[in-house]
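By convention in this document, chain letters (A, B, ...) are assigned in the order of the sequence lines, proteins followed by strands, and residues within each chain are numbered from 1.
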Amino acid sequence: MLKLFTVTPARLRRLKFFKTRHHANKWYIEAMIALIDCNSFFVSCEQVAHPELKNKPVVVFSNNNGCIISRSNEAKALGVKMGEAVFKYKHLFETGKVIGCSPSFSLYQKISKQVVQALRGFSPWVEPYSIDESFVRFGGTDQASVLGPGMRQAVLTQTGIPVSIGFGATKTLAKLASDKAKAMPGNIMDLGSYALSRVLNTIPVEEVWGIGYRTTRWLHRHGIETAGAFRDADPHWIRKKMGIGGGRIQRELNGQLCFPVGISVQMPSFYAQEAAQKSLLHSRSFPERITSIPGLQTALAENIKSACAKLRRANLCASEMGFFIKTSRFDSHYDSDAWTYRFPQATNNENEVLRVMKSKLPTLFKSGYRYAKSGVYFNGLIPDSAVQLSFFVNPREEKERALLGTLDHIRQRWGRQSIIRGSSLTSV
DNA sequence: TCTGGGGTCCTAGGACCC
DNA sequence: TCTGGGGTCCTAGGACCC
């Protein structure tokens, strides 16, 4: 229930679409929120593209085929765990008991958009939350028992992707419901229609959206083990100890809407046109450890080129950049160093970024360290049309801009390695 | 000697999410 | 031997201003 405003009779007539109720001298508008969660999304996408993989134990690997990021039900049944290193299941892959796929993120993004499109047929309020999840808002008079199977069928026919759907009065409750839905027949769960208090008392508090590892440990120390116990804890104490975020989660568990649909907490970057993206990061683990400055420089140059290409594709410029190098947290000495730099003028020109990186890298580098990963990030993103041209425009600037646009074009058409700079060959 | 009470903006780091 | 990549939000503390 969403406490919006004092409801006058005139407003009430306009809001007939929603169910309203009166409680403790306040009017509430009842909304119903659904969270649609694609089942084993990356694997399901691979099965759409390669139907012969259906009903088989299949997993999708991360970049470098390092760890497992998606599993089919058959693979789960064989004991393959989410996020685990691939080498731990070497025997399963070598004997052909489990099929492993390298990831194709552009395929996943394409199908993700199709899923969102299918959902838009049911409500104007669809908020993509992650690559495989969307929130959808309905009016209080809509029936979950009708909408659930309808949406599930529509997504399946239009995209081939099976989904689980959870309904609740708030995003937090809908999220919990969708977790439960995975184990329900039909993959649909309506927490609004259940005896909510009893269900919440059976759910471990760490399963609540926004309660992570640190908070869970802290809550346990204070004897709060379940979602129900968290909901019933003293609100002032929660607000004081956990901040504004904790207070919101608690209120949402009580059915009071704090995270409206449409205002995204987090939005996948490829939906950036729907909500301005604020930062952009590109990072990669190395196939082998790197121990020299030239090696790191080559890796960072790759990071920078990819990140700048992303910026230009999105017609964005960055006000600030940063880069980092780190060792592996599985090695004996974990170490991470980063440096940020504010541009005199927002840019997406990789040559400028490269210059900054090359000049600063030697001061970050520590000899004797075995580096495992590098990355570059951009903050303060603004549309490139909004970049204020400096009074003293570098005449080279315009030429470089044109050249980069041409390079982007060629790489898009003939592949990333089709054209490279002579200078990038010498830096290895 | 005694030394107010706001406000804003920025940044680094923590926590969490998928 | 081998362990992903990409995001957001909130808070505390410092600088600065009147």
Side-chain angles (χ1 to χ4, degrees), chain A residues 35-38 40-42 59-70 80-91 93-94 100 102-103 105 108-109 112 127-135 171-172 175 178-179 206-219 239-249 258-259 263-272 275-289 303 306-307 310 314 319-320 322 324 326-331 334 336-342 370 372-381:
Chain A
L35 177 66
I36 291 83
D37 186 342
C38 299
S40 310
F41 182 56
F42 296 168
V59 303
V60 171
F61 299 145
S62 65
N63 281 53
N64 289 336
N65 298 339
C67 65
I68 287 154
I69 55 175
S70 181
V80 179
K81 296 221 165 59
M82 182 68 173
E84 282 280 20
V86 170
F87 69 83
K88 290 187 180 171
Y89 299 104
K90 214 173 158 189
H91 56 288
F93 299 114
E94 280 177 355
S102 294
F105 288 104
Y108 310 153
Q109 292 183 359
S112 172
E127 177 196 332
Y129 170 66
S130 73
I131 195 166
D132 68 339
E133 292 166 290
S134 286
F135 288 105
K171 279 184 172 175
T172 305
K175 195 92 168 69
S178 84
D179 289 343
E206 61 265 34
E207 289 180 22
V208 175
W209 187 39
I211 306 286
Y213 174 74
R214 304 297 293 236
T215 310
T216 300
R217 277 201 326 189
W218 179 80
L219 286 171
R239 171 66 185 82
K240 193 169 151 217
K241 298 289 185 181
M242 287 182 62
I244 181 172
R248 284 181 182 151
I249 294 169
C258 300
F259 307 122
I263 297 175
S264 185
V265 177
Q266 175 189 332
M267 179 86 70
S269 57
F270 53 96
Y271 290 110
Q277 189 179 5
K278 300 183 176 164
S279 68
L280 184 154
L281 180 140
H282 186 91
S283 68
R284 283 288 178 273
S285 297
F286 310 141
E288 287 164 13
R289 299 284 186 265
N303 295 150
S306 303
K310 276 193 210 169
S319 320
E320 189 180 274
F324 63 83
K326 47 174 84 176
T327 61
S328 167
R329 59 185 198 284
F330 299 99
D331 287 355
Y334 178 64
S336 171
D337 258 310
W339 185 71
T340 61
Y341 171 77
R342 185 166 281 274
R370 301 174 69 241
K373 183 175 183 172
S374 70
V376 57
Y377 49 87
F378 293 120
N379 296 323
L381 305 189

Rounded distance in Å - [atom1] ([X]) to [atom2] ([N]):
{"X": "A:Arg370", "N": "C:dT1", "atom1": "CZ", "atom2": "P", "result": "11 Å"}
{"X": "A:Trp209", "N": "B:dC17", "atom1": "CH2", "atom2": "P", "result": "10 Å"}
{"X": "A:Gln277", "N": "C:dC9", "atom1": "CD", "atom2": "C1'", "result": "15 Å"}
{"X": "A:Lys90", "N": "C:dT3", "atom1": "NZ", "atom2": "P", "result": "13 Å"}
{"X": "A:Tyr377", "N": "C:dG7", "atom1": "OH", "atom2": "P", "result": "14 Å"}
{"X": "A:Asn63", "N": "C:dG5", "atom1": "CG", "atom2": "P", "result": "5 Å"}
{"X": "A:Ile68", "N": "C:dG4", "atom1": "CD1", "atom2": "C1'", "result": "12 Å"}
{"X": "A:Phe93", "N": "C:dC2", "atom1": "CZ", "atom2": "P", "result": "18 Å"}

With side chains defined as the heavy atoms from C-beta onward, is the minimum distance between [X] and [Y] less than 4.5 Å?
{"X": "A:Lys171", "Y": "A:Glu127", "answer": "yes"}
{"X": "A:Ser285", "Y": "A:Asn63", "answer": "no"}
{"X": "A:Trp218", "Y": "A:Lys241", "answer": "yes"}

For the pair A:Tyr108 and A:Val60, evaluate side chain to side chain contact (heavy atoms under 4.5 Å, CB included) and give the outcome as yes or no after the intermediate values.
CA-CA 12 Å; A:Tyr108 310 153; A:Val60 171; 3.6 Å; yes
Checking all strands, does [X] fall into the base, sugar-phosphate, or nothing category for heavy-atom contacts under 4.0 angstrom?
{"X": "A:Val208", "value": "sugar-phosphate"}
{"X": "A:Asp132", "value": "sugar-phosphate"}
{"X": "A:Ser328", "value": "nothing"}
{"X": "A:Phe61", "value": "nothing"}

Of A:Lys278 and A:Lys88, the one whose nearest nucleotide on DNA chain C sits closer to the 5' end is A:Lys88
Report the residue (A:Lys310 or A:Glu84) whose heavy-atom-nearest nucleotide on DNA chain C is the more 5′ of the two.
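Counting from the 5' end, the first nearest nucleotide belongs to A:Glu84.
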Does [X] place a side-chain N or O at less than 4.0 Å from the phosphate oxygens OP1/OP2 of [N]?
{"X": "A:Arg289", "N": "C:dT1", "answer": "no"}
{"X": "A:His282", "N": "C:dG6", "answer": "yes"}
{"X": "A:Ser285", "N": "C:dG5", "answer": "yes"}
{"X": "A:Ser283", "N": "C:dG6", "answer": "yes"}
{"X": "A:Lys175", "N": "B:dC17", "answer": "no"}

Please determine whether any donor N or O and acceptor N or O are separated by less than 3.5 Å between the side chain of A:Lys373 and the base of C:dT3.
no
Drop me the distance from [X]'s [atom1] to [Y]'s [atom2], to the nearest 0.5 angstrom.
{"X": "A:Asp331", "Y": "A:Arg289", "atom1": "CG", "atom2": "CZ", "result": "4.5 Å"}
{"X": "A:Phe324", "Y": "A:Asp337", "atom1": "CZ", "atom2": "CG", "result": "11.5 Å"}
{"X": "A:Thr340", "Y": "A:Phe378", "atom1": "OG1", "atom2": "CZ", "result": "12.5 Å"}

Can you name the atoms? Protein N/O to nucleotides 10-16 of chain C N/O, anything below 3.5 Å, with the distance.
unit_1: C:dC10; atom_1: OP1; unit_2: A:Arg248; atom_2: NH1; d: 2.8
unit_1: C:dT11; atom_1: OP1; unit_2: A:Ile244; atom_2: N; d: 2.9

Is the distance between the ring centroids of A:Tyr129 and A:Phe259 under 6.0 Å?
no
Please pick, from C:dG4, C:dG5, C:dC9, the nucleotide with the shortest atom-to-atom distance to any side-chain atom of A:Ser62.
C:dG4
Of all the choices, C:dC2, C:dG5, B:dC18, which nucleotide is nearest to the side chain of A:Arg284 once you look at every atom?
C:dG5
Hey, is A:Tyr129 stacking on B:dC18? Ring centres under 5.5 Å, planes under 30°.
no
Counting only N and O atoms by type, is there a donor-acceptor contact under 3.5 Å from the side chain of A:Tyr89 to the main-chain atoms of A:Lys81?
yes
For a quick test of reading the model, state the closest non-hydrogen atom pair linking A:Arg284 to A:Asn303 and the distance between them.
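Closest approach of A:Arg284 to A:Asn303, heavy atoms only: N-ND2, 4.0 Å.
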Could you walk me through whether A:Glu133 and A:Leu35 satisfy the side chain to side chain contact (heavy atoms under 4.5 Å, CB included) test, starting with their C-alpha distance in whole Å, then the side-chain angles of each, then the deciding distance to 0.1 Å, before giving a yes or no?
CA-CA 7 Å; A:Glu133 292 166 290; A:Leu35 177 66; 3.7 Å; yes
Pairing pattern in dot-bracket form [Watson-Crick, G-U; both distances under 3.5 Å; | = partner strand] for DNA chain C
....||||||||||||||
